[in-house]
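As the structure is a computational prediction, the values presented were derived from the model and not from experiment.
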Amino acid sequence: MLFRSQRLGLAPGTPLVGFVGRLSPEKGPEVFVRAALLLRARMPEAHAVLVGEGPMEPALRELIARCGLAGAVHLAGVVDDMPALYPELDVVVSSSFSEAMPLALMEAMACGLPVVATRVGGVPDMVEHGRTGWLAASGSFQEIAERCTTLLADPALRRRMGER
């Protein structure tokens, strides 16, 4: 739990949803931040983290501040030890508008994590909707937030989906 506690300053067991990828328009990181806003309204103890860097970082910092999410949505930058990071996340989100076969989803699923991902590119070939995670419409931060809330509220469901 070193990432949660040392890098983010979170207590062990704090619900944590992660976005792993380049902070660029096609990846939809602003959709993830908007989903985090709804998630926090439903589950105030939940936190979110964006892992990666890219041209949208300044705009994302501004959006996080404007939404009152400072301290709840974290920008972690590049993380060198991803195999150590994944087990600290409860759910991984891919909010992309365009995607082929996202490595972050493959890694998350290989680490036993459930995923919530947009139904784009090769993602529906990777994620078995309702079994290994959920697929959402592209740009639907509402649906992403709803699915993340369900997963965070049900550890047994997270475990079952991750095991599959």
Side-chain angles (χ1 to χ4, degrees), residues 1-24 27-54 56-96 102-118 127 132-136 139-162:
M1 296 297 181
L2 294 176
F3 184 80
R4 281 186 209 219
S5 61
Q6 291 180 359
R7 191 150 182 183
L8 301 180
L10 302 177
T14 300
L16 186 59
V17 176
F19 168 103
V20 178
R22 184 159 164 71
L23 305 181
S24 57
K27 299 292 186 179
E30 77 285 358
V31 174
F32 178 76
V33 173
R34 293 184 189 285
L37 177 62
L38 292 180
L39 174 62
R40 290 277 297 179
R42 297 171 179 158
M43 187 174 275
E45 69 278 16
H47 283 250
V49 61
L50 292 108
V51 178
E53 59 186 13
M56 290 186 69
E57 188 172 334
L60 291 168
R61 286 189 189 286
E62 183 180 312
L63 178 61
I64 290 165
R66 194 170 62 244
C67 290
L69 293 170
V73 175
H74 312 271
L75 288 162
V78 174
V79 173
D80 294 328
D81 190 6
M82 289 306 295
L85 168 69
Y86 283 115
E88 296 207 40
L89 302 174
D90 295 303
V91 178
V92 170
V93 172
S94 175
S95 50
S96 293
L103 180 61
L105 283 185
M106 286 187 239
E107 291 174 341
M109 293 170 77
C111 289
L113 289 171
V115 298
V116 176
T118 51
V127 178
T132 61
W134 276 303
L135 296 169
S140 180
F141 59 89
Q142 300 96 331
E143 191 175 0
I144 292 169
E146 179 183 314
R147 298 300 191 176
C148 287
T149 302
T150 299
L151 284 167
L152 290 178
D154 190 341
L157 176 62
R158 278 198 320 271
R159 194 171 31 262
R160 281 192 312 273
M161 283 186 156

Check whether any side-chain heavy atom of Met82 sits under 4.5 Å from a side-chain heavy atom of Val51, and report yes or no. yes
Working to the nearest 0.5 Å, report the span between CG of Leu39 and OG1 of Thr149. 4.5 Å
Nearest 0.5 angstrom please: Leu16 CG to Leu8 CG, how far? 6.5 Å
In chain order, what residues pass the side chain to side chain donor-acceptor pair (under 3.5 Å) check against Ser24, with sequence neighbours excluded? Glu26
If you apply the rule side chain to side chain contact (heavy atoms under 4.5 Å, CB included), what do you find for Tyr86 with Val20, and how did you get there? CA-CA 10 Å; Tyr86 283 115; Val20 178; 3.8 Å; yes
Hits for side-chain contact (heavy atoms from CB on, under 4.5 Å) against Ser95, two or more places apart or cross-chain, chain-then-number order -> Phe19, Val31, Phe32, Val93, Ile144
With sequence neighbours left out, what residues match Asp80 under side-chain contact (heavy atoms from CB on, under 4.5 Å)? Val78
Please evaluate residues Leu152 and Val91 with respect to the criterion side chain to side chain contact (heavy atoms under 4.5 Å, CB included), reporting the C-alpha separation (whole Å), side-chain torsions for both, the decisive distance (0.1 Å), and the verdict. CA-CA 8 Å; Leu152 290 178; Val91 178; 4.2 Å; yes
What are the two closest heavy atoms between Pro15 and Asp90, and how far apart are they? CA-OD2, 3.3 Å
Contacts of type salt bridge (charged side-chain N to carboxylate O under 4.0 Å, His left out), residue Arg159, not counting sequence neighbours: none
Among residues at least two apart in sequence or on other chains, which ones pass side-chain contact (heavy atoms from CB on, under 4.5 Å) with Ser140? Ala137, Gln142, Glu143
Please tabulate, for side-chain N and O atoms in residues 62-74, each donor-acceptor pair with protein atoms closer than 3.5 Å (sequence neighbours left out).
| from | atom 1 | to | atom 2 | distance (Å) |
| --- | --- | --- | --- | --- |
| Glu62 | OE2 | Arg66 | NH1 | 3.3 |
| His74 | NE2 | His47 | ND1 | 2.9 |

What is the minimum heavy-atom distance between Cys148 and Val17, and which atoms define it? SG-CG1, 4.0 Å
Residues two or more places apart in sequence or in another chain: which of them pass side chain to side chain donor-acceptor pair (under 3.5 Å) with Glu57? Arg61
Interatomic spacing from CZ in Arg158 to CG in Leu89 - rounded to 0.5 Å: 11.0 Å
Distance-minimising heavy-atom pair for Thr118 and Gly139: CG2-N, 4.2 Å
Scanning both residues in full, the closest heavy-atom pair of Pro155 with Ala153 reads CD-O, 3.6 Å
Within the distance-only criterion (no hydrogens, no angle test), does the side chain of Arg7 pair as donor or acceptor with the backbone N or O of Ala76 below 3.5 angstrom? yes
Sequence neighbours excluded, every pair satisfying side chain to side chain donor-acceptor pair (under 3.5 Å) that has a member inside residues 27-44: Lys27-Glu99
Just jot down the side chain to side chain donor-acceptor pair (under 3.5 Å) partners of Glu45, sequence neighbours excluded, or say none. none
Contacts of Leu157 that satisfy side-chain contact (heavy atoms from CB on, under 4.5 Å) - sequence neighbours left out: Trp134, Thr150, Leu151, Asp154, Arg160, Met161
Of all heavy-atom pairs linking Leu38 and Ala145, the shortest is CB-CB, 3.6 Å
